[in-house]
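The figures here come from the full heavy-atom set of this structure, side chains too, leaving out hydrogens, waters and symmetry mates. Proteins come first, then strands; the chains are lettered A, B, ... in the order of their sequence lines, and each starts at number 1.
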Amino acid sequence: MTPWLWFALSAVALFAVGLHGLFSSRQLVRQILAANISASAVLLLLVAFARRAPSGDPDPVPHALVLTGIVVSVSATGVALALARRLRVRPPGSRRR
Amino acid sequence: MDPGSAWLPWAVLIPLGGAMAGLLVGRRGAAPVAAVAALLTVAASLALLVEVWAGPAARHFAGGWRPPLGIQLRADGLAAVVLASLALVGGLVTAFALGEFGRRSRLSGLFFPLWLFGWAALNALVLSADLFNLYVTLELSTLAAVALISLANRGPAFGAAARYLLLAVVGSLSYLVGVALLFALHGTLDLPSLGARLSGGPAVWAGLGLILTGLCLKAALFPLHTWLPGAYQRALGPVAALLSGLLSNAPFYVLLRLWLELGSGPLKLAAGQLLGGLGGAAVIWGSLLALRADRLSSVLAYSSVAQFGYLFLLFQLDTPAAWAAGAFLLISHATAKAALFLAAGTLQRAVGHDRVDGLRGMAGQLPPTIFAIAVSAVGLIGLPPSGAFIAKWVLLRAAAERGQWWPAVVLLGGGLLAAGYCFRFLRELFIPGPQPLRLRKIPAPLQQLATLALAALGLGFGLWPAAPLRLLGVGWP
């Protein structure tokens, strides 16, 4: 079992954990956290795939993809948290006439 | 190294710059800035159209670097046609919004920058030529859509926006896992070179399957469509028009691109059958729900579920003529649905509600808007001379030639059901009411004109289909 295989398998496991949390939670903030776990898992998978040779330097292209992915997931988390705050202040079901 | 055609990055940078300028000038200046940016974006899109019309597909290499390390923007016939439709529909909805949102209002200061940002993301999506760029631009357009939905500033709108965001994120992550798998196996993200190198095997099919699932979730294919009706019903009129016409078409466009350029073989055939089956189910399910809905915006939302289902029939009828018909159907639905949502928003503001059974007699009050509704309904049902009729005709012929009965049943039955729910609200609008309704807010002439122009665009495609068809043929993958 090489290290990169450990990375890849744990990434898959974390992705499943995050998905389960997303679909089984009732609170929005928990769903956001679960989505973040899944996103980190996918990025870990990309990092694991950056291996080129057992002893050589890793491929930098997946690392660049991971950096972009981090930015995208942070932005999405920001938007989701802003929505969560508005939902807490004004719970769904109340309408402003 | 020579970076290539310059119009491609301008089509992305102009709306992006307009969005940032709109945020900087605040509520006072957002509307004029948006008007200028919209005009320039439409001009850039049409310039690109002219360039692609003449010759081979236009390319731009960011920074002058070639693939596989550099990012390539590419505009072939399909991209140019979709870009032009983005420009026309987006420009007309912007014109409507200029009349709808009061000067210097909070909504004006937020809507225009968000929409311009979404427009930049969509233009970049249409012009992308590698898997990861498609992911990033898809995410950007989703974020813009979520923010636009939440502009309605009510609890249910925030709930619908949050639900859409979470499901869209799940779809994007699934897509990204697929991209990671394909990259690990083939070492490139660039679509043309990936198409040449693609091998078979379980890992490749797993990657493609994950990408397919993610995109179907974002495109609201039945049974993954549950987020769509809530979001469309609770958004403001112009926002719902943008969602239904443009932003929700983006995942389908990505799916179309990947289908045309990647993969082949028996598993692809099976996937096509699955997508066609689910698309047909979407048509029937959405149309039945639309028949029963009590609010006009609900009818239109369920109708969108049905119309998106038609597009997925294309994957079952895998012929070049069918693909051209699909592009026609996409654009025709975009114009018709956008016009209908704008008109529904106008009616809601005028009367205070949008219950279908309470709209009696509106035809006498707002003639241009009601005329636009009627013309758009023609496009939805697929009657001649709309572009949708030509598209459905071509699809029926393709289904008959291939001996596939399910698409034919869906196309004909779906048209019948669409007629059912369209006539439901048309009937109410044209019956004279008990007494003249007092209107709360009369829409500006610009708004009615924009709605009418959108509806007329859908007919225009039907009356002059030769030009778009010729353009689609340029650089066809």
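Closest approach of A:Ser75 and B:Leu143 over heavy atoms only: CB-CD1, 3.9 Å. Residues B:Leu173 and A:Ala35 come closest through the heavy atom pair CD1-O, 4.0 Å. The heavy-atom pair separating A:Phe49 from B:Ala184 by the smallest distance is CG-CB, 3.5 Å.
With a 4.5 Å cut-off on non-hydrogen atoms, A:Leu65 touches chain B through its backbone and its side chain both. Using a 4.5 Å cut-off between heavy atoms, A:Val79 touches chain B through backbone and side chain atoms alike. Of the atoms belonging to B:Leu181, heavy atoms from both backbone and side chain fall under 4.5 Å from chain A.
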Using a 3.5 Å cut-off and no angle test, enumerate the donor-acceptor pairs between side-chain atoms of residues 66-73 of chain A and protein atoms at least two apart in sequence or in another chain.
{"from": "A:Thr68", "atom 1": "OG1", "to": "A:Ala64", "atom 2": "O", "distance (Å)": "3.0"}
{"from": "A:Ser73", "atom 1": "OG", "to": "A:Gly69", "atom 2": "O", "distance (Å)": "3.3"}
{"from": "A:Ser73", "atom 1": "OG", "to": "A:Ile70", "atom 2": "O", "distance (Å)": "3.1"}

Side-chain donor-acceptor contacts of residues 160-172 of chain B below 3.5 Å, not counting sequence neighbours, with atom names and distances?
{"from": "B:Ser172", "atom 1": "OG", "to": "B:Glu139", "atom 2": "OE2", "distance (Å)": "2.2"}
{"from": "B:Ser172", "atom 1": "OG", "to": "B:Ala168", "atom 2": "O", "distance (Å)": "3.0"}
{"from": "B:Ser172", "atom 1": "OG", "to": "B:Lys218", "atom 2": "NZ", "distance (Å)": "2.7"}

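Within a 6.0 Å sphere centred on NE2 of A:His63, other residues, nucleotides and ligands contribute more than 12 heavy atoms. Applying the 6.0 Å contact sphere to CZ of B:Arg197 captures more than 12 heavy atoms from other residues, nucleotides or ligands.
How far CZ of A:Arg85 is from CZ of B:Phe158: 10.5 Å, rounded to the nearest 0.5 Å.
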